[in-house]
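When a ligand or atom number is given, it counts from 1 through the structure's own listing order. Everything numeric in this text was worked out from a predicted model, so none of it was measured. Worth knowing before you read on, the calculation uses all heavy atoms, side chains too, and leaves out hydrogens, waters and symmetry mates. Quick note: residue numbers are just sequence positions, from 1.
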Amino acid sequence: MNIAIIYYSMTGTNYQMAQWAAEEARSNGDHEVRLRKVKETAPMDVIKSNDAWKEHYEQTKDIEAAALEDLDWADAIIFSVPTRYGNIPSQLQAFLDTTGGLWSKGKLVNKVVSAMTSAQNPHGGQEATLLSLYKSMFHWGAIIAAPGYTSEELFKTGGNPYGFSTEGGVDNLNDQSKTSISHQVKRTIDIAERINK
Ligand SMILES: Cc1cc2nc3c(=O)[nH]c(=O)nc-3n(C[C@H](O)[C@H](O)[C@H](O)COP(=O)(O)O)c2cc1C
């Protein structure tokens with residue numbers, strides 16, 4: 001399978017989640033995996049005015065940006081993005097808004113997709129953010145591989161059936177988060193394999 005892990009992160013949380021997802025996807029050795037960041041669109045003066053944002057921006061500036069070709073190439077796509085007032089970040093929306101050409105040729109049909117998110121607060125919009133993203137995926141004709149309650153492990157990280165989610169930033173991620181993320185990745189790949197048989 002060709003697996004694209006596409007993330008956006010301002011302060012590193014979703015970057016870590018995406019890295020763990022890529023690690024899991026690579027672990028069985030059979031899959032091609034691309035870790036891609038969503039291109040930053042915020043003005044540089046705004047980024048520079050926030051120390052944590054600036055530091056993360058610098059730290060990840062060499063990571064390849066997601067391109068339309070990555071979507072075309074992928075059998076499965078795992079997104080990881082923070083919430084923005086219960087919605088996806090505008091950076092990802094801007095990228096999705098460039099997919100009309102692929103969509104019109106039917107190139108996004110049957111992509112197996114799954115998503116993860118983070119927020120500052122436990123009820124800060126995790127579920128709403130994932131559902132916002134999945135709404136666009138329905139328009140693609142994608143197959144959504146949500147984790148549901150397919151593993152006992154998921155109950156230990158908040159039991160979000162739409163996708164792994166966390167609150168409170170990168171310091172709040174732990175081994176249990178990694179376990180839940182791994183489960184979601186394995187399930188996404190398993191469904192992609194069934195679809196592409
Ligand atoms: C413009 C903006 C809007 C945000 N909206 C919310 C929100 O509605 N609820 C919430 O809990 N956190 C909100 N946050 C906090 C981020 O979701 C949180 O910092 C993020 O999950 C950290 O992920 P990252 O480290 O990958 O950037 C917001 C942050 C920004 C910058």
Side-chain angles (χ1 to χ4, degrees), residues 3-26 33-67 70 77-97 113-137 146-147 154 156-185 188:
I3 300 151
I5 317 284
I6 298 180
Y7 80 94
Y8 174 76
S9 188
M10 193 175 123
T11 52
T13 316
N14 287 269
Y15 176 49
Q16 178 63 76
M17 288 153 61
Q19 281 182 308
W20 280 338
E23 198 181 303
E24 175 58 43
R26 287 190 180 114
V33 180
R34 293 181 183 177
L35 175 67
R36 298 287 185 264
K37 73 178 177 205
V38 176
K39 204 170 113 198
E40 187 56 83
T41 58
M44 265 325 284
D45 59 325
V46 177
I47 296 171
K48 282 184 179 160
S49 69
N50 178 320
D51 288 343
W53 194 354
K54 186 177 152 208
E55 189 185 325
H56 183 72
Y57 177 83
E58 292 293 334
Q59 187 199 347
T60 55
K61 67 174 186 298
D62 293 333
I63 294 182
E64 218 172 303
D70 296 318
I77 305 164
I78 295 159
F79 292 98
S80 190
V81 296
T83 193
R84 291 291 180 260
Y85 311 121
N87 217 318
I88 62 172
S90 60
Q91 290 83 351
L92 177 60
Q93 188 64 58
F95 180 56
L96 294 182
D97 289 355
V113 301
S114 192
M116 310 186 284
T117 191
S118 71
Q120 189 177 341
N121 305 282
H123 301 288
Q126 285 97 327
E127 293 162 11
T129 302
L130 294 173
L131 291 172
S132 299
L133 176 56
Y134 289 157
K135 200 157 49 155
S136 296
M137 299 299 102
L154 303 175
K156 300 175 193 163
T157 50
N160 185 341
Y162 306 107
F164 173 79
S165 64
T166 186
E167 82 259 4
V170 71
D171 294 342
N172 213 36
L173 292 170
N174 53 36
D175 288 349
Q176 191 58 51
S177 320
K178 194 176 176 188
T179 301
S180 290
I181 290 170
S182 291
H183 174 75
Q184 185 169 347
V185 171
T188 306

Evaluate the 4.0 Å heavy atom contact test for atom 19 (O) of ligand 1: does a protein atom fall under the cut-off?
no

Does any non-hydrogen side-chain atom of L96 lie less than 4.5 Å from one of I88?
yes

So, using side-chain hydrogen bond (donor to acceptor under 3.5 Å, both in side chains) as the criterion, who are the partners of R84 when residues are at least two apart?
none

Return the residue, atom name and 0.1 Å-rounded distance of the protein heavy atom closest to atom 30 (C) of ligand 1.
R84 NH1, 3.5 Å

Any donor and acceptor pair, going by atom type alone, linking the side chain of T83 with main-chain N or O of G86 inside 3.5 Å?
yes

Polar proximity ligand 1 side, P82 side, N/O cut 3.5 Å exclusive:
no

What protein heavy atom sits nearest atom 27 (O) of ligand 1, and how far off is it?
M10 N, 2.7 Å

From the options N172, T83, T129, select the one whose nearest heavy atom is closest to atom 13 (C) of ligand 1.
T83

Below 4.0 Å from ligand 1: does a non-hydrogen atom of G12 turn up there or not?
yes

shortest atom 12 (N) of ligand 1-to-protein heavy-atom contact is with Q120 N, 3.1 Å

Starting from atom 9 (N) of ligand 1, which protein heavy atom do you reach first, and at what distance in Å?
G124 O, 2.8 Å

Considering only protein heavy atoms, which is closest to atom 1 (C) of ligand 1, and at what distance to one decimal place?
Y85 OH, 3.5 Å

Run the salt bridge (Lys or Arg N to Asp or Glu O under 4.0 Å) test against E55 and tell me which residues pass, sequence neighbours left out.
none

Rounded at 0.5 Å granularity, tell me how far NZ in K37 sits from OH in Y57.
7.0 Å

Any atoms of ligand 1 less than 4.0 Å from a non-hydrogen atom of S9? List them with their elements.
24 (P), 25 (O), 26 (O), 27 (O)

Between S9 and N14, a side-chain donor and acceptor under 3.5 Å
no

For S118, the ligand 1 atoms whose distance to one of its heavy atoms is below 4.0 Å
17 (O), 20 (C), 21 (O), 22 (C), 23 (O)

Atoms in ligand 1 with a heavy atom of T13 nearer than 4.0 Å
22 (C), 23 (O), 24 (P), 25 (O), 26 (O)

Quick one: which ligand 1 atoms are inside 4.0 Å of a heavy atom on N121?
10 (C), 11 (O)

With nothing but distance in play, are any N or O atoms of Y8 less than 3.5 Å from an N or O of ligand 1?
no

Atoms in ligand 1 flagged as close to N14, the criterion being non-hydrogen separation under 4.0 Å:
23 (O), 24 (P), 26 (O)

Side chain to side chain, I181 and Q184, heavy atoms closer than 4.5 Å
no

